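Let me begin by presenting the structure, written as C-alpha coordinates, before commenting on it.
Atom set for the values below is all heavy atoms of this structure, side chains included, hydrogens, waters and symmetry mates excluded. Quick caveat, the model's predicted, so the values are computed rather than measured.
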Amino acid sequence: MASIPPPPQYGLESLDRRNVVLSDGTVRTYFALPLEPPPQLRQPLPLPLPPFPARQLGPPVGLPPPTAERWAPMRPPAALLPMPAPKRKWEGQANGSVPGESSGRQQQQKPEEKRVAKQVKVETPDVDAKQLKSSFLKMVKLMNENAEQKKNYRANGKISQLKCTVCGRDSIDLHSLLNHLYYAKSAELRADHLGLHKALCVLMGWNYSVDPVHKKAYQTLSTADAEANQGDLILWPPTVIIENTYKSKNDGQKDGMSNKEMEGKLREMGFAGASVKPLSGKDGQRSMLVKFASSLAGLSEAERLAQSLEKQGHGRAEWYRVRSVPPSADGGNNPLLVKVGAKGERTWVLYGYLATAWDLDALDLESKQNAVIKSRKELDLSE
(Lines give C-alpha, C1' and ligand atoms only; values in the text may rest on other atoms or scores of the structure.)
Protein backbone atom coordinates (compact mmCIF):
# COMPACT_ATOMS: atom_id res chain seq x y z
CA MET A 1 0.00 0.00 0.00
CA ALA A 2 1.42 3.37 -1.06
CA SER A 3 2.26 5.80 1.72
CA ILE A 4 0.40 9.09 1.96
CA PRO A 5 2.63 11.98 0.93
CA PRO A 6 3.09 14.84 3.46
CA PRO A 7 0.92 17.90 2.93
CA PRO A 8 2.53 20.79 1.08
CA GLN A 9 3.86 23.62 3.18
CA TYR A 10 1.81 26.74 3.54
CA GLY A 11 4.11 29.76 2.95
CA LEU A 12 3.74 33.52 2.98
CA GLU A 13 3.48 33.45 -0.78
CA SER A 14 0.01 31.92 -0.32
CA LEU A 15 -1.29 34.96 1.67
CA ASP A 16 -3.14 37.87 0.09
CA ARG A 17 -1.64 41.33 0.20
CA ARG A 18 -4.26 43.91 1.14
CA ASN A 19 -4.30 47.66 1.73
CA VAL A 20 -6.36 49.69 4.16
CA VAL A 21 -6.84 53.49 4.33
CA LEU A 22 -6.80 54.92 7.86
CA SER A 23 -8.79 57.94 9.08
CA ASP A 24 -5.81 60.29 8.64
CA GLY A 25 -5.44 59.33 4.94
CA THR A 26 -2.42 57.06 5.27
CA VAL A 27 -2.39 53.68 3.58
CA ARG A 28 -1.25 50.58 5.39
CA THR A 29 -0.48 47.14 3.94
CA TYR A 30 -1.20 43.85 5.67
CA PHE A 31 -1.34 40.15 4.84
CA ALA A 32 -4.49 38.01 5.29
CA LEU A 33 -5.64 34.52 4.51
CA PRO A 34 -7.04 34.16 1.03
CA LEU A 35 -10.79 33.90 0.56
CA GLU A 36 -10.21 30.57 -1.18
CA PRO A 37 -7.54 28.03 -0.15
CA PRO A 38 -4.51 27.75 -2.44
CA PRO A 39 -4.39 24.89 -4.94
CA GLN A 40 -1.92 22.87 -2.89
CA LEU A 41 -4.36 22.79 0.07
CA ARG A 42 -7.48 21.89 -1.84
CA GLN A 43 -8.66 18.41 -0.93
CA PRO A 44 -10.05 16.06 -3.58
CA LEU A 45 -13.75 15.31 -3.49
CA PRO A 46 -14.69 12.20 -1.47
CA LEU A 47 -15.37 9.03 -3.43
CA PRO A 48 -19.02 7.89 -3.58
CA LEU A 49 -20.02 5.27 -1.04
CA PRO A 50 -21.05 1.81 -2.16
CA PRO A 51 -24.82 1.22 -2.38
CA PHE A 52 -26.57 0.00 0.77
CA PRO A 53 -27.81 -3.59 0.77
CA ALA A 54 -31.50 -4.09 0.16
CA ARG A 55 -33.56 -3.60 3.32
CA GLN A 56 -35.13 -6.75 4.67
CA LEU A 57 -38.88 -6.35 4.94
CA GLY A 58 -40.80 -7.86 7.83
CA PRO A 59 -39.53 -9.23 11.09
CA PRO A 60 -36.22 -11.09 11.35
CA VAL A 61 -36.25 -14.76 10.50
CA GLY A 62 -37.12 -16.95 13.45
CA LEU A 63 -39.09 -14.27 15.41
CA PRO A 64 -42.87 -14.18 15.76
CA PRO A 65 -44.71 -11.60 13.67
CA PRO A 66 -45.05 -8.22 15.40
CA THR A 67 -48.26 -7.45 17.25
CA ALA A 68 -50.29 -4.31 16.70
CA GLU A 69 -49.42 -3.03 20.17
CA ARG A 70 -45.67 -3.49 19.68
CA TRP A 71 -45.57 -1.83 16.28
CA ALA A 72 -48.09 0.90 17.12
CA PRO A 73 -47.25 4.18 15.35
CA MET A 74 -45.45 6.73 17.52
CA ARG A 75 -47.39 9.73 18.64
CA PRO A 76 -46.23 13.04 17.24
CA PRO A 77 -44.15 14.92 19.83
CA ALA A 78 -45.90 17.77 21.59
CA ALA A 79 -44.83 21.30 20.90
CA LEU A 80 -41.77 22.04 22.97
CA LEU A 81 -41.95 25.17 25.10
CA PRO A 82 -38.88 27.39 25.15
CA MET A 83 -36.74 26.70 28.19
CA PRO A 84 -36.22 29.71 30.44
CA ALA A 85 -32.71 30.99 30.87
CA PRO A 86 -30.99 29.59 33.96
CA LYS A 87 -31.36 31.94 36.91
CA ARG A 88 -28.48 32.68 39.19
CA LYS A 89 -28.86 31.92 42.88
CA TRP A 90 -28.80 35.58 43.93
CA GLU A 91 -30.82 36.93 40.99
CA GLY A 92 -34.10 38.59 41.88
CA GLN A 93 -33.00 39.67 45.35
CA ALA A 94 -32.73 43.28 46.34
CA ASN A 95 -30.41 44.33 49.12
CA GLY A 96 -31.76 42.67 52.24
CA SER A 97 -34.81 41.26 50.44
CA VAL A 98 -36.22 37.74 50.59
CA PRO A 99 -35.78 35.30 47.68
CA GLY A 100 -38.85 35.36 45.45
CA GLU A 101 -39.52 39.09 45.87
CA SER A 102 -39.06 41.04 42.61
CA SER A 103 -37.43 44.44 42.50
CA GLY A 104 -36.27 47.01 39.91
CA ARG A 105 -36.24 45.71 36.36
CA GLN A 106 -37.91 42.41 37.31
CA GLN A 107 -41.09 44.23 38.35
CA GLN A 108 -41.63 45.10 34.69
CA GLN A 109 -41.49 41.46 33.68
CA LYS A 110 -44.28 38.95 33.94
CA PRO A 111 -44.76 38.06 37.63
CA GLU A 112 -44.10 34.46 38.58
CA GLU A 113 -46.28 32.37 40.82
CA LYS A 114 -45.46 32.75 44.51
CA ARG A 115 -43.77 29.78 46.04
CA VAL A 116 -45.65 28.22 48.91
CA ALA A 117 -43.41 27.56 51.88
CA LYS A 118 -43.18 23.88 52.60
CA GLN A 119 -44.59 23.01 56.00
CA VAL A 120 -42.59 20.33 57.73
CA LYS A 121 -44.14 18.84 60.84
CA VAL A 122 -42.03 18.91 63.96
CA GLU A 123 -41.05 15.40 64.94
CA THR A 124 -39.36 14.59 68.24
CA PRO A 125 -38.93 10.82 68.35
CA ASP A 126 -35.84 11.12 70.56
CA VAL A 127 -37.67 12.99 73.37
CA ASP A 128 -40.09 11.41 75.82
CA ALA A 129 -43.56 12.95 75.40
CA LYS A 130 -44.13 13.29 79.14
CA GLN A 131 -40.75 14.93 79.62
CA LEU A 132 -41.42 17.31 76.74
CA LYS A 133 -44.79 18.32 78.21
CA SER A 134 -43.23 18.94 81.61
CA SER A 135 -40.48 21.11 80.08
CA PHE A 136 -43.03 23.07 78.07
CA LEU A 137 -45.19 23.89 81.12
CA LYS A 138 -42.09 24.79 83.12
CA MET A 139 -40.90 27.20 80.40
CA VAL A 140 -44.37 28.79 80.18
CA LYS A 141 -44.33 29.54 83.90
CA LEU A 142 -40.78 30.95 83.86
CA MET A 143 -41.66 33.15 80.90
CA ASN A 144 -44.80 34.59 82.50
CA GLU A 145 -43.23 35.18 85.88
CA ASN A 146 -40.95 37.78 84.27
CA ALA A 147 -43.04 40.55 82.71
CA GLU A 148 -40.02 42.37 81.23
CA GLN A 149 -38.71 39.23 79.56
CA LYS A 150 -42.11 38.47 78.07
CA LYS A 151 -42.34 42.04 76.78
CA ASN A 152 -38.91 41.70 75.16
CA TYR A 153 -39.98 38.49 73.41
CA ARG A 154 -43.02 40.22 71.96
CA ALA A 155 -40.80 43.12 70.83
CA ASN A 156 -38.55 40.67 68.90
CA GLY A 157 -35.55 41.51 71.08
CA LYS A 158 -35.62 45.26 70.42
CA ILE A 159 -35.55 46.06 74.16
CA SER A 160 -32.56 43.89 75.07
CA GLN A 161 -30.47 41.03 73.69
CA LEU A 162 -32.48 37.83 73.31
CA LYS A 163 -30.92 34.96 75.22
CA CYS A 164 -31.73 31.26 75.39
CA THR A 165 -32.75 30.63 78.99
CA VAL A 166 -31.73 26.96 78.61
CA CYS A 167 -28.07 27.27 77.53
CA GLY A 168 -27.44 31.03 77.53
CA ARG A 169 -26.81 31.43 73.78
CA ASP A 170 -27.49 34.93 72.34
CA SER A 171 -29.72 35.44 69.28
CA ILE A 172 -30.23 38.46 67.05
CA ASP A 173 -34.01 38.03 66.83
CA LEU A 174 -36.85 35.69 67.72
CA HIS A 175 -36.66 33.76 64.45
CA SER A 176 -32.98 33.01 65.08
CA LEU A 177 -33.74 31.97 68.66
CA LEU A 178 -36.49 29.57 67.55
CA ASN A 179 -34.16 27.92 65.03
CA HIS A 180 -31.52 27.50 67.73
CA LEU A 181 -34.06 25.94 70.10
CA TYR A 182 -35.37 23.54 67.46
CA TYR A 183 -31.97 22.42 66.10
CA ALA A 184 -29.98 22.39 69.37
CA LYS A 185 -27.87 19.21 69.44
CA SER A 186 -27.42 18.81 73.20
CA ALA A 187 -29.15 15.55 74.14
CA GLU A 188 -29.38 16.47 77.83
CA LEU A 189 -31.07 19.83 77.09
CA ARG A 190 -33.14 18.64 74.13
CA ALA A 191 -36.45 18.56 76.02
CA ASP A 192 -35.94 22.01 77.57
CA HIS A 193 -34.96 23.52 74.21
CA LEU A 194 -38.07 22.14 72.52
CA GLY A 195 -40.21 23.14 75.51
CA LEU A 196 -39.05 26.76 75.23
CA HIS A 197 -39.57 26.63 71.46
CA LYS A 198 -43.20 25.63 71.94
CA ALA A 199 -43.74 28.16 74.75
CA LEU A 200 -42.47 31.02 72.57
CA CYS A 201 -44.67 29.98 69.64
CA VAL A 202 -47.76 29.88 71.88
CA LEU A 203 -46.85 33.30 73.30
CA MET A 204 -46.53 34.84 69.83
CA GLY A 205 -49.58 33.04 68.41
CA TRP A 206 -47.53 30.93 65.97
CA ASN A 207 -47.71 27.31 64.91
CA TYR A 208 -45.32 25.29 67.09
CA SER A 209 -45.96 22.07 65.13
CA VAL A 210 -44.21 23.36 61.98
CA ASP A 211 -40.47 23.44 61.35
CA PRO A 212 -39.28 27.05 62.04
CA VAL A 213 -37.19 27.31 58.85
CA HIS A 214 -39.67 29.39 56.82
CA LYS A 215 -41.27 32.36 58.59
CA LYS A 216 -44.37 32.29 56.41
CA ALA A 217 -44.96 28.65 57.33
CA TYR A 218 -44.80 28.60 61.12
CA GLN A 219 -45.92 32.21 61.67
CA THR A 220 -49.21 31.59 59.90
CA LEU A 221 -51.92 30.61 62.39
CA SER A 222 -55.53 31.73 62.70
CA THR A 223 -56.51 34.02 65.56
CA ALA A 224 -58.96 31.42 66.87
CA ASP A 225 -56.27 28.71 67.05
CA ALA A 226 -53.78 31.09 68.67
CA GLU A 227 -56.29 32.12 71.35
CA ALA A 228 -57.22 28.48 71.93
CA ASN A 229 -53.56 27.55 72.50
CA GLN A 230 -53.13 30.34 75.03
CA GLY A 231 -56.46 29.72 76.77
CA ASP A 232 -55.64 26.04 77.20
CA LEU A 233 -52.91 26.82 79.77
CA ILE A 234 -54.65 27.57 83.09
CA LEU A 235 -53.52 28.20 86.63
CA TRP A 236 -53.89 25.38 89.13
CA PRO A 237 -55.75 25.21 91.47
CA PRO A 238 -58.50 26.58 89.16
CA THR A 239 -58.68 30.34 89.70
CA VAL A 240 -61.00 33.12 88.57
CA ILE A 241 -59.80 36.71 88.67
CA ILE A 242 -62.57 39.13 89.70
CA GLU A 243 -61.97 42.75 88.68
CA ASN A 244 -63.45 46.07 89.86
CA THR A 245 -64.12 44.77 93.37
CA TYR A 246 -65.14 48.01 95.00
CA LYS A 247 -67.86 49.20 97.32
CA SER A 248 -69.18 52.69 98.11
CA LYS A 249 -68.55 54.27 101.50
CA ASN A 250 -70.88 56.62 103.35
CA ASP A 251 -68.87 59.68 102.28
CA GLY A 252 -69.33 58.78 98.60
CA GLN A 253 -65.81 57.45 98.13
CA LYS A 254 -65.01 53.90 97.02
CA ASP A 255 -63.26 51.20 98.96
CA GLY A 256 -62.18 47.65 98.27
CA MET A 257 -64.45 44.78 99.14
CA SER A 258 -63.41 42.59 102.03
CA ASN A 259 -63.02 38.82 101.78
CA LYS A 260 -66.32 38.23 103.61
CA GLU A 261 -68.17 40.63 101.34
CA MET A 262 -66.83 38.90 98.24
CA GLU A 263 -67.67 35.43 99.64
CA GLY A 264 -71.20 36.66 100.33
CA LYS A 265 -71.46 38.00 96.77
CA LEU A 266 -70.33 34.65 95.40
CA ARG A 267 -72.92 32.80 97.50
CA GLU A 268 -75.61 35.05 96.03
CA MET A 269 -74.41 34.01 92.57
CA GLY A 270 -74.54 30.32 93.52
CA PHE A 271 -70.86 29.67 94.21
CA ALA A 272 -69.81 28.58 97.68
CA GLY A 273 -66.71 26.96 99.12
CA ALA A 274 -64.13 29.02 97.20
CA SER A 275 -61.26 30.81 98.90
CA VAL A 276 -60.81 34.54 98.25
CA LYS A 277 -57.64 36.66 98.24
CA PRO A 278 -57.42 40.39 97.42
CA LEU A 279 -54.92 41.83 94.92
CA SER A 280 -53.79 45.43 94.54
CA GLY A 281 -52.89 46.69 91.10
CA LYS A 282 -50.41 49.40 90.21
CA ASP A 283 -53.19 51.64 88.90
CA GLY A 284 -55.13 51.40 92.14
CA GLN A 285 -57.76 49.05 90.73
CA ARG A 286 -58.59 46.29 93.17
CA SER A 287 -59.06 42.70 92.03
CA MET A 288 -59.53 39.42 93.87
CA LEU A 289 -58.47 35.83 93.29
CA VAL A 290 -61.20 33.23 93.69
CA LYS A 291 -59.61 29.79 94.03
CA PHE A 292 -61.55 26.54 93.76
CA ALA A 293 -60.65 22.97 94.72
CA SER A 294 -57.84 21.20 92.83
CA SER A 295 -60.16 18.69 91.19
CA LEU A 296 -62.34 18.28 88.13
CA ALA A 297 -65.29 19.50 90.17
CA GLY A 298 -63.35 22.61 91.17
CA LEU A 299 -62.40 23.26 87.55
CA SER A 300 -66.04 22.88 86.52
CA GLU A 301 -67.13 25.47 89.14
CA ALA A 302 -64.41 27.92 88.04
CA GLU A 303 -65.44 27.59 84.40
CA ARG A 304 -69.09 28.05 85.33
CA LEU A 305 -68.33 31.29 87.20
CA ALA A 306 -66.26 32.67 84.32
CA GLN A 307 -68.94 31.75 81.79
CA SER A 308 -71.64 33.35 83.94
CA LEU A 309 -69.80 36.68 83.97
CA GLU A 310 -69.03 36.42 80.25
CA LYS A 311 -72.71 35.90 79.39
CA GLN A 312 -73.50 39.13 81.25
CA GLY A 313 -70.97 40.96 79.09
CA HIS A 314 -68.48 41.16 81.93
CA GLY A 315 -65.76 38.78 80.73
CA ARG A 316 -62.07 39.22 79.88
CA ALA A 317 -62.51 41.03 76.57
CA GLU A 318 -65.03 43.48 78.03
CA TRP A 319 -62.77 44.21 81.00
CA TYR A 320 -59.81 44.98 78.72
CA ARG A 321 -62.04 47.31 76.72
CA VAL A 322 -63.25 49.13 79.85
CA ARG A 323 -59.76 49.37 81.29
CA SER A 324 -58.48 51.07 78.14
CA VAL A 325 -60.82 54.03 78.79
CA PRO A 326 -59.12 56.73 80.96
CA PRO A 327 -60.79 56.80 84.40
CA SER A 328 -62.63 59.88 85.62
CA ALA A 329 -61.70 61.84 88.74
CA ASP A 330 -63.97 59.90 91.08
CA GLY A 331 -64.27 56.75 88.94
CA GLY A 332 -68.02 56.74 89.43
CA ASN A 333 -69.19 58.39 86.24
CA ASN A 334 -68.51 55.44 83.93
CA PRO A 335 -71.71 53.35 83.64
CA LEU A 336 -69.61 50.35 82.63
CA LEU A 337 -67.90 50.39 86.04
CA VAL A 338 -70.68 51.47 88.40
CA LYS A 339 -74.46 51.50 88.28
CA VAL A 340 -76.40 54.25 90.05
CA GLY A 341 -79.79 53.30 91.51
CA ALA A 342 -82.96 55.41 91.77
CA LYS A 343 -82.02 56.61 95.24
CA GLY A 344 -78.44 57.43 94.22
CA GLU A 345 -76.85 54.29 95.59
CA ARG A 346 -73.90 53.04 93.57
CA THR A 347 -73.17 49.39 92.84
CA TRP A 348 -69.84 48.48 91.30
CA VAL A 349 -69.97 46.09 88.33
CA LEU A 350 -67.91 42.92 88.69
CA TYR A 351 -65.86 41.54 85.81
CA GLY A 352 -64.15 38.16 85.82
CA TYR A 353 -62.37 35.49 83.77
CA LEU A 354 -60.61 32.17 84.20
CA ALA A 355 -56.96 32.78 85.09
CA THR A 356 -54.42 31.47 82.56
CA ALA A 357 -50.65 31.27 82.52
CA TRP A 358 -50.53 34.67 80.81
CA ASP A 359 -52.05 36.30 83.92
CA LEU A 360 -49.24 35.03 86.15
CA ASP A 361 -47.33 38.32 86.16
CA ALA A 362 -50.36 40.09 87.69
CA LEU A 363 -50.34 37.86 90.80
CA ASP A 364 -48.56 38.53 94.05
CA LEU A 365 -45.29 36.78 94.82
CA GLU A 366 -46.81 34.07 97.01
CA SER A 367 -49.51 33.21 94.48
CA LYS A 368 -46.89 33.03 91.70
CA GLN A 369 -44.76 30.58 93.64
CA ASN A 370 -47.68 28.33 94.56
CA ALA A 371 -49.36 28.36 91.16
CA VAL A 372 -48.96 25.46 88.75
CA ILE A 373 -49.55 25.56 84.98
CA LYS A 374 -51.75 22.83 83.52
CA SER A 375 -53.25 22.08 80.13
CA ARG A 376 -57.01 21.65 80.00
CA LYS A 377 -56.75 19.43 76.91
CA GLU A 378 -54.16 17.15 78.56
CA LEU A 379 -55.23 17.48 82.21
CA ASP A 380 -53.40 15.06 84.47
CA LEU A 381 -54.31 15.38 88.13
CA SER A 382 -51.52 13.01 89.16
CA GLU A 383 -48.83 15.54 88.27
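Linking Ile, Leu, Val, Met, Phe, Trp and Tyr residues whenever their side-chain heavy atoms come within less than 4.5 Å places Val127 and Tyr183 in a single cluster. The hydrophobic clustering, which links ILVMFWY residues whose side-chain heavy atoms are closer than 4.5 Å, places Leu221 and Val140 apart. Using a 4.5 Å cut-off between side-chain heavy atoms of Ile, Leu, Val, Met, Phe, Trp and Tyr, with links allowed through other members, Leu203 and Tyr320 fall into the same hydrophobic cluster. In the hydrophobic clustering of ILVMFWY residues, with side-chain heavy atoms under 4.5 Å counting as a link, Val240 and Leu379 come out together. Under a hydrophobic-cluster definition in which Ile, Leu, Val, Met, Phe, Trp and Tyr are linked whenever side-chain heavy atoms come within less than 4.5 Å, directly or via other members, Ile172 and Val213 are assigned to different clusters.
When all heavy atoms of Gly313 and Glu318 are compared, the pair lying nearest together is O-CG, 3.0 Å. The two residues Leu132 and Gly195 have their closest heavy-atom pair at CD1-N, 3.9 Å. Closest of all the heavy-atom pairs between Gly205 and Ala226 is CA-CB, 3.7 Å. What you find for Asn144 and Lys150 is that their closest heavy atoms are OD1-NZ, 3.1 Å. Closest approach of Ala371 and Lys141 over heavy atoms only: O-NZ, 2.7 Å. The two residues Ala191 and Ser135 come nearest to each other via the heavy atoms O-CB, 3.5 Å.
Looking at heavy atoms from C-beta onward, Leu177 lies out of side-chain contact with Asp170 at the 4.5 angstrom threshold. Two residues are said to be in side-chain contact when any heavy atoms from C-beta on lie closer than 4.5 Å; Ser209 and Lys198 fail this criterion. For the pair Leu309 and Tyr351, the minimum side-chain heavy-atom distance is 4.5 Å or more. Between Arg376 and Glu303 there is a side-chain heavy-atom pair separated by less than 4.5 Å. Side-chain contact between Lys133 and Glu378: present, with at least one pair of heavy atoms (C-beta onward) separated by less than 4.5 Å. Under the 4.5 Å side-chain criterion, counting only non-hydrogen atoms from C-beta, Val322 is in contact with Leu337. Side-chain contact between Lys374 and Leu137 is absent, with no heavy-atom pair separated by less than 4.5 Å. The closest side-chain heavy-atom distance from Met143 to Leu200 is below 4.5 Å.
Checked against the 6.0 Å centroid threshold, His175 and Tyr218 count as a close aromatic pair. Close placement of the His193 and His180 rings is indicated, their centers lying within 6.0 Å of each other.
Ring orientation note: the planes of Phe271 and Phe292 are nearly perpendicular, at an angle over 60° on the 30°/60° scale.
The backbone N or O of Leu360 lies less than 3.5 Å from no partner atom in the side chain of Glu145, so there is not a single donor-acceptor pair. In this structure, Thr239 contributes its side chain and Pro237 its backbone to a donor-acceptor pair below 3.5 Å. Between the Asp232 side chain and the Ser375 main chain, no donor and acceptor come within less than 3.5 Å of each other.
Put simply, CH2 on Trp358 and CD1 on Ile373 are 9.0 Å apart, with the number rounded to the nearest 0.5 Å. Note that CG of Leu305 and CG of Leu266 are 6.5 Å apart. Values are rounded to the nearest 0.5 Å. Distance SG/Cys201 to OH/Tyr182: 11.0 Å, rounded to 0.5 Å. In this structure, CG in Leu279 is found 5.5 Å from CG in Asp364, a value given to the nearest 0.5 Å. Rounded to the nearest 0.5 angstrom, Leu235 CG and Leu363 CG are separated by 6.0 Å. The OG atom of Ser287 lies 11.5 Å from the CG atom of Leu350; values are rounded to the nearest 0.5 Å.
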Legend entry - CA sep, side-chain torsions, deciding dist, call: Gln312, Ser308, side-chain contact (heavy atoms from CB on, under 4.5 Å): CA-CA 7 Å; Gln312 299 175 25; Ser308 174; 3.7 Å; yes

Inset, instruction - Quick one: do Leu233 and Phe136 satisfy side-chain contact (heavy atoms from CB on, under 4.5 Å)? Show the steps, please. - result: CA-CA 11 Å; Leu233 303 174; Phe136 164 62; 3.8 Å; yes

Inset, instruction - Check the pair Leu299 / Ile234 against side-chain contact (heavy atoms from CB on, under 4.5 Å), numbers first and verdict last. - result: CA-CA 10 Å; Leu299 176 59; Ile234 61 174; 3.7 Å; yes

Inset, instruction - Run the numbers on Met257 and Val276 for side-chain contact (heavy atoms from CB on, under 4.5 Å), then give the verdict. - result: CA-CA 11 Å; Met257 298 176 62; Val276 177; over 6 Å; no

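Side-chain contact check for Asn146 and Tyr153: no donor-acceptor pair (N or O, by modelled atom type) lies under 3.5 Å. There is a side-chain donor-acceptor pair under 3.5 Å between Asp225 and Ser222.
Contact check on Asp192 versus Lys138 returns a salt bridge, with a Lys/Arg side-chain nitrogen under 4.0 Å from an Asp/Glu carboxylate oxygen. Ion pairing of Asp173 with Lys158 is absent here, as no side-chain N (NZ or NE/NH1/NH2) approaches a carboxylate O to less than 4.0 Å.
Under the ring pair (Phe, Tyr, Trp, His ring centres under 6.0 Å) criterion, Trp236 pairs with no residue, sequence neighbours left out.
For residues 304-317, the pairs satisfying salt bridge (charged side-chain N to carboxylate O under 4.0 Å, His left out) are Glu301-Arg304, Arg316-Asp359, with sequence neighbours left out.
Taking a 6.0 Å sphere around CD of Glu366, one finds it holds 12 or fewer heavy atoms contributed by other residues, nucleotides or ligands.
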